[in-house]
There are 2 protein chains.
Amino acid sequence: MTTQPSTKASILTDIMLAVFRVNGRLLEKGDQLVAPLNLTSARWQVLGAVAMAGNPLSAPQVAEAMGVTRQGAQKQLNKLEEEGFLKMLPNPRHERSPLFVPTDKGNRTIAATMSLQMAWATGLSSSLSLQNLKSTLELLNTMYELLDSPVPTKGAKP
Amino acid sequence: MTTQPSTKASILTDIMLAVFRVNGRLLEKGDQLVAPLNLTSARWQVLGAVAMAGNPLSAPQVAEAMGVTRQGAQKQLNKLEEEGFLKMLPNPRHERSPLFVPTDKGNRTIAATMSLQMAWATGLSSSLSLQNLKSTLELLNTMYELLDSPVPTKGAKP
DNA sequence: CCATTAGTGGCAACCGGTTGTCAAATTGAT
DNA sequence: ATCAATTTGACAACCGGTTGCCACTAATGG
């Protein structure tokens, strides 16, 4: 360390790099965690979103809930359906756009992922302080909002 | 809110989800930031790694420095060379594995990215507290280490 | 000196995500 | 009722990353 000023901007820059690295590790570990259930991180997240809702969701609704594009969600939903984790229900509001809901297998798998995730997070968090965790979550959420809204110099918009 | 217990594990789980979201936004905003320089986030990172080193690097060295696979780095290096940001020097130690170093254009572009990045980070960090930034960076780094090493219940190996 | 091993780049395939285009379904306005 | 705009799913192409395979270089050791 060369007696860096450690300005807020430079710390934030380091945080950005840390987010990239941690993100990569989380996906990697997540893949390993749910591999025994024949899931990947991506499918796990989609399955979780459907389970979380509690009621049948269409593909665009899943995309919306996950902050991902319609087609991105669609791909995983189709695969989860093929693999028997989800089933399609006819959508009374749109003939071509079925609603997705977990199968029995899907529900069992969801329960298993929650158990795995809980054990994992508990183990990891044991080395971390509650105060530190809280302030980190707060800052990340603030960062997300800052990155979300400020479409900077948005000139004239009829 | 349903009077959640807010255990350390549950906060950590929320942090994981926040990392996914923030990661996505950072890449998106980063792409926008350097688009005027004809760069993407990915190329920016590689170019930065080469610049950071200060001396010519081979593709495997860049991959190593970035924590990415050899072929992943290679793809971007080849493109950066095609686009005139990097040039290849003959590698005395390996005839087929040239060393990459920024061109003049590359160096100018690197300077421009650093200026853009600084301005961006300064603006963002103005809404954030130094204490909060510090503890977040610390926790993310700790998380990274925890995720890096602990190959958990590694039973019998040999 | 030769043989085996390790390092390296090219190529191709895949995963997960995005964008764009198209046709069909739905909705809304007239 | 009709016609235009919107929503939706399929399909295809791309980006960025990974893995696997192959061929060629380099290093090592008999």
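Proteins come first, then strands; the chains are lettered A, B, ... in the order of their sequence lines, and each starts at number 1.
The NZ-C1' distance, from Lys79(A) to dG9(D), rounds to 15 Å in whole Å. In this structure, the CD atom of Glu82(B) is 15 Å from the C1' atom of dC15(D), given to the nearest Å. Taking atom CG on Asn23(A) and atom C1' on dG17(D), their separation rounds to 12 Å, with Å as the unit. Going from atom CH2 of Trp44(B) over to atom P of dG17(D) covers 14 Å, rounded to whole Å. Between the CG atom of Leu77(B) and the P atom of dG17(D) there is a distance of 11 Å, given to the nearest Å. Whole-Å rounding puts the Glu64(A) CD to dG9(D) P distance at 14 Å. Between the CD atom of Glu81(A) and the C1' atom of dA10(D) there is a distance of 15 Å, rounded to whole Å. Atom C1' of nucleotide dT18(D) and atom CE of Met66(B) are separated by 14 Å, given to the nearest angstrom.
Sorted by first and then second residue, the side-chain hydrogen bond (donor to acceptor under 3.5 Å, both in side chains) pairs with a member in residues 82-91 of chain A read Arg43(A)-Glu83(A); sequence neighbours excluded.
Between Asn78(B) and Lys75(B), it is Asn78(B) whose nearest contact on DNA chain C lies nearer the 5' terminus.
Within a 6.0 Å radius of CD in Glu64(B), no more than 12 heavy atoms belonging to other residues, nucleotides or ligands are found.
In this structure, Gln74(B) does not reach the dG17(D) phosphate: none of its side-chain N or O atoms is under 4.0 Å from OP1 or OP2.
At the heavy-atom level, Ser41(A) lies nowhere under 4.0 Å from the strands shown. Within the 4.0 angstrom heavy-atom criterion, only backbone atoms of the sugar-phosphate kind lie near Thr40(A); the bases stay farther away.
Side-chain atoms of Lys8(B) come within 3.5 Å of backbone N or O of Leu128(A) as a donor-acceptor pair. Judged by distance alone, the side chain of Ser41(B) and the main-chain N or O of Leu27(B) form a donor-acceptor pair under 3.5 Å. Using modelled atom types, no side-chain atom of Ser97(B) and backbone atom of His94(B) make a donor-acceptor pair closer than 3.5 Å. Listed for the Thr103(B) side chain is a donor-acceptor partner under 3.5 Å among the backbone atoms of Gly84(B).
Checking dT18(D), dT8(C), dG16(C) against the side-chain heavy atoms of Thr69(B) singles out dT18(D) as nearest.
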Close N or O pairs between protein and nucleotides 1-4 of chain D (under 3.5 Å):
none

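Checking Thr13(B) against Ser10(B) by side-chain atom types alone, no donor-acceptor pair falls below 3.5 Å.
If you take OG1 on Thr69(A) and CD on Gln74(A), they are separated by 10.0 Å, rounding to the nearest 0.5 Å. Taken from CG in Leu137(B) to CG in Leu17(A), the straight-line distance is 9.5 Å, to the nearest 0.5 Å.
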Per-nucleotide protein contact string for nucleotides 20-26 of chain C (B base, S sugar-phosphate only, - none; heavy atom under 4.0 Å): B--BBSS
